[in-house]
Number of protein chains: 2
Amino acid sequence: MNMMDNTNGGEASATRATYLSLRDMILTGELPAGEKLKIEQLRRMLDTGASPVREALSLLTSDMLVERIDQRGFRAAPASLANFEEILMLRCTLEDMALRQSIVRATSEWEERLVLSHHRMKRVVDTATFEDAHKDFHMTLLGNAASPMLERYCSQLYDLNIRYRNLAAGGANYQRRDIAFEHEEILDAAVRRDANAASAALLSHYRLTGAYLTTQLSGL
Amino acid sequence: MNMMDNTNGGEASATRATYLSLRDMILTGELPAGEKLKIEQLRRMLDTGASPVREALSLLTSDMLVERIDQRGFRAAPASLANFEEILMLRCTLEDMALRQSIVRATSEWEERLVLSHHRMKRVVDTATFEDAHKDFHMTLLGNAASPMLERYCSQLYDLNIRYRNLAAGGANYQRRDIAFEHEEILDAAVRRDANAASAALLSHYRLTGAYLTTQLSGL
DNA sequence: GTTTTTTAAAATATCGATATTTATTGACAT
DNA sequence: ATGTCAATAAATATCGATATTTTAAAAAAC
C-alpha cells in the first residue's frame with residue numbers, strides 16, 4: 001500500500017513501525033486468522049501507544065489483512081478455503097493482465113531489471129530473504145505495466161497468498177527445484193516477449209502451487 | 001456527555017460519521033483531488049476530534065480516495081486521465097467476471113432482487129437518491145457472484161468512477177434516456193441468463209460513458 | 001430451569017495536551 | 001540574484017487520561 005514507498009533510512013514513525021510489525025505478524029501467522037486484536041495487548045507487545053496501534057490497524061484494513069467492526073474493534077482477517085480460491089482466481093486474472101501489459105511496454109531496461117531480480121532470487125539461500133526476493137521478482141515482472149492500481153491489487157493479492165502458504169506449511173520448503181524451473185520459464189518467455197507463453201507459465205505456476213495448497217488447507 | 005451534543009442523530013461512532021462525511025466530500029469534489037487534508041482544518045469543519053479524523057483518513061486509504069505519506073500527512077487522491085482510464089479498464093475486467101459468476105449462480109430470488117432494484121432506480125426522480133439506487137442496481141447485478149473480494153473491488157472502482165463523473169460535469173444530466181435503455185438491456189439479458197449479452201451490454205454501458213467522460217476530462 | 005435484568009469488568013473510542021517533524025521565513029554570504 | 005542556514009511557525013504524530021460501549025457475570029423474576 002501507500003506506506004511502502006518510504007525508503008527513508010532514518011527513523012520511521014511509530015505508526016509505520018507498528019504497521020510493518022503487525023503486517024508481518026499476520027502474514028506469518030503469529031497473529032492467527034480470525035483472532036481478536038486487542039489494542040492494549042498489542043500496545044504492550046510492541047511497546048508503543050494506543051494511537052499508533054489503532055492507526056496501523058486501520059491501515060492494514062486496506063490490505064484486507066485486518067477487519068474493523070465499528071465500536072467492536074479489530075480482528076485479523078479470517079481465512080477459509082473459499083477465500084483462498086478467490087484470491088487465486090483474482091490473481092490469475094489480474095496478473096495475466098498486468099504481465100501482458102508489461103510485455104507490451106517492454107524495454108531493454110525492464111528486461112535488465114528482470115534478469116537482475118531473477119538472479120538475486122536464485123542466489124539467495126536464507127529462507128527469510130528469499131521471500132522478499134521472490135516477491136520482488138514477481139512484482140518486477142508486473143511492474144512495467146504502468147498501472148499503479150493494478151500493481152497495488154497484485155501486490156495485495158500476493159501478500160494474501162503468502163499468508164495462506166505460511167498457514168498451510170509453516171513455511172516448509174515444498175519442492176523448490178520445480179519452482180526454480182518454473183521461474184526460469186517465465187523469465188525466458190518474458191525476455192523474448194512472448195506474452196502468451198509468459199502468461200501461461202505464470203498462471204500454471206500459480207495454479208500448481210494453488211492446487212498443492214488447497215490439499216494442505218482442506219482443514220479450513 | 002460528549003455524545004449528547006453529537007449532531008448526527010444516528011448511533012455510529014465519531015470515526016464512522018467522519019469517515020462517511022469525508023468520503024462524500026471527496027466523491028463530490030468538495031475536497032478537490034490532490035488537496036492537502038489538514039487534520040486541524042477537517043477537525044473544525046466536522047466539529048470532532050483529531051483522533052476520529054486521523055482514523056477516518058486512514059480508513060479512506062483503503063478506498064484509494066486518500067493518500068498517506070508518513071510524517072507528512074494525508075491528501076485527497078489525485079485525479080488524472082490515466083487514472084480514470086485505468087479505473088475503466090479494471091472495472092470492465094472485474095465486473096465482466098463478477099457478472100458472469102452472478103449469472104452462473106442465478107436463482108429466481110436473485111432475479112427478483114434485480115428486478116426490484118431496477119424498478120426502484122427507474123422511479124426515482126431526485127438526483128441525489130438516484131445515485132444510491134443506481135449503485136444498488138449495479139451492485140445487485142454483481143452481488144450474486146459469492147466473491148466478497150471481487151465485490152469489494154467492484155464497489156471501490158464504482159465509487160472512484162463516480163468521483164470522475166462529478167469531476168467532469170458537476171453532476172450534469174448527460175442523456176439519461178440512453179442510459180435508461182442501456183439498463184433495461186442489461187437487466188433483460190441477466191434475467192434471461194444470457195451471460196454474453198449481459199456482459200456485452202454492461203461493458204458497452206461503461207465504455208460509452210467512459211468515452212463521454214474522457215472528452216470532458218481532457219483538461220486533467 | 002430458563003429467561004430477563006442488573007451489575008461489574010473489560011475493551012473500544014475519544015479528548016486534550018505535548019512532543020516531533022516538516023515547512024517557511026529572512027538574514028547572510030557568494 | 002541565488003542559494004544556504006538558522007530561527008520560527010505550522011502541522012503531524014503520539015501520549016496519557018477519560019468517557020462510552022460492549023461483553024461477561026451475577027442476581028432476580030417468571
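In what follows, every chain begins at residue 1, and chains take the letters A, B, ... in the order their sequences are listed.
Residue pairs that meet the side chain to side chain donor-acceptor pair (under 3.5 Å) test with at least one member in residues 37-46 of chain A, sequence neighbours left out, are E40(A)-R43(A), E40(A)-R44(A).
Annotation: side-chain hydrogen bond (donor to acceptor under 3.5 Å, both in side chains) contacts of S58(A) (sequence neighbours excluded): none. Remark: E55(B) engages R54(A), R68(A) in a side-chain hydrogen bond (donor to acceptor under 3.5 Å, both in side chains) (not counting sequence neighbours). Residues that satisfy the side chain to side chain contact (heavy atoms under 4.5 Å, CB included) test with S108(B), not counting sequence neighbours, are absent from this structure. Residues passing the side-chain hydrogen bond (donor to acceptor under 3.5 Å, both in side chains) test with R120(B), sequence neighbours excluded: none.
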Pairs under 3.5 angstrom, nitrogen or oxygen only, protein versus nucleotides 9-13 of chain C, please.
from: dA11(C); atom 1: OP1; to: K38(A); atom 2: NZ; distance (Å): 3.0
from: dT12(C); atom 1: OP1; to: K36(A); atom 2: NZ; distance (Å): 3.2
from: dT12(C); atom 1: OP2; to: I39(A); atom 2: N; distance (Å): 3.3
from: dA13(C); atom 1: OP1; to: Q71(A); atom 2: N; distance (Å): 2.6
from: dA13(C); atom 1: OP1; to: R72(A); atom 2: N; distance (Å): 3.4
from: dA13(C); atom 1: OP2; to: R54(A); atom 2: NH1; distance (Å): 2.7
from: dA13(C); atom 1: OP2; to: R54(A); atom 2: NH2; distance (Å): 2.7
from: dA13(C); atom 1: O5'; to: R54(A); atom 2: NH2; distance (Å): 3.4

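In this structure, Y19(A) atom OH and dT14(D) atom P are separated by 15 Å, rounded to whole Å. Atom CZ in R44(B) sits roughly 12 Å away from atom C1' in dA11(D) (whole-Å rounding). Atom CG in L57(B) sits about 15 Å away from atom P in dA11(D), given to the nearest Å.
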